[in-house]
Amino acid sequence: MEPTARATKTPLPGVGVRYDVKTEAGRHLSVVVHHDGRRTLAFHDPGDDDACKDAVVLESYEATALARLLPPDPVGHLRKDFEIDLVTEHITVTKRSPYAGLTLGATQARTRTGASIVAVLRRTSATPSPTPDFRFAVGDTLVVVGTREGVDAVAELITGG
C-alpha cells in the first residue's frame, strides 16, 4: 500500500485558503489560493515550521501549468504489470487551435495518432468518453491517453503546432 499525503485546509478570510502538506521526508510546504486566482507556494524552515524559507507567487495560468505536471500517473501500474508504455496528458484547446469550435470527430485523433481523447474538462464540469459530435470550446482541457508518440501527435494536432 502506498503512503498517502494529507493536506490540511485553513480558510484565510479576505485572502483565500491555505493548504499545508508535510512530505514523507518531513518537509512542510503550503499553497495559498488567493481569491483572485493567484497561488503562493511556500517552503517552510525545517527548524521552525512557522517560518517561511522561500515563497513563489504564481499567476493562475502558471499554477495550472505546474498542476498539470504533478498528478500521479493513473496508468503507471499498467507498465509494471503488463509493460504497456502508456502516458496521460492534459492538452488545452486555445484560440489558435484549428479545432476550437469543431467536433471531436473532425479531429480524427484516434485514427491519425493511435491515442484517445478519454475526457474533456470544461470550467467546472467533465465529460468522460466524449462522443464524436462533442464540440470543443476554447479553454477545454482534453485528457489524452496513448503512447508518448501518439499523445504528442494529438497535442500537435490540437494546438496546430
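With a 4.5 Å cut-off on side-chain heavy atoms, Leu121 and Val143 count as touching. Taking 4.5 Å as the limit, some side-chain heavy atom of Leu157 sits within range of a side-chain heavy atom of Thr107. Looking at heavy atoms from C-beta onward, Val21 lies out of side-chain contact with His28 at the 4.5 angstrom threshold.
Counting non-hydrogen atoms of neighbouring residues, nucleotides and ligands closer than 6.0 angstrom, the CZ atom of Arg122 exceeds 12 such neighbours.
The two residues Phe136 and Tyr99 have their closest heavy-atom pair at CB-O, 3.7 Å. Closest of all the heavy-atom pairs between Val151 and Ile91 is O-CD1, 4.1 Å. Heavy-atom minimum distance, Thr127 versus Pro130: O-CD, 3.7 Å. What you find for Val118 and Val145 is that their closest heavy atoms are CG2-CG2, 3.9 Å. Contact record, His35 with Leu12: NE2-O, 4.5 Å, taken as the closest heavy-atom pair. For Ser30 against His44, the heavy-atom pair with the smallest separation is OG-NE2, 3.0 Å.
When atom types are taken as modelled, the side chain of Thr159 and the backbone of Ala155 share a donor-acceptor pair closer than 3.5 angstrom. Distance alone, capped at 3.5 Å, is enough to place a donor-acceptor pair between the Thr113 side chain and the Ala115 backbone. A donor-acceptor pair under 3.5 Å is absent between the side-chain atoms of Thr141 and the main chain of Thr92, judged by distance alone.
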Check the pair Asp20, Arg18 against salt bridge (charged side-chain N to carboxylate O under 4.0 Å, His left out), reporting the backbone distance first and the verdict last.
CA-CA 7 Å; Asp20 292 282; Arg18 175 177 160 165; 2.8 Å; yes
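Using a cutoff of 4.0 Å between basic side-chain nitrogens and carboxylate oxygens, Glu89 and Arg148 are scored as salt-bridged.
Rounding to the nearest 0.5 angstrom, the gap separating the CG atom in Asp54 from the CG atom in Leu29 is 12.0 Å.
A single hydrophobic cluster is not seen to contain both Leu58 and Val15; linkage of ILVMFWY side chains at heavy-atom distances under 4.5 Å, directly or through other members, places them apart. Note: the hydrophobic cluster containing Leu41 does not contain Val57 (ILVMFWY, side chain heavy atoms under 4.5 Å, direct or indirect links).
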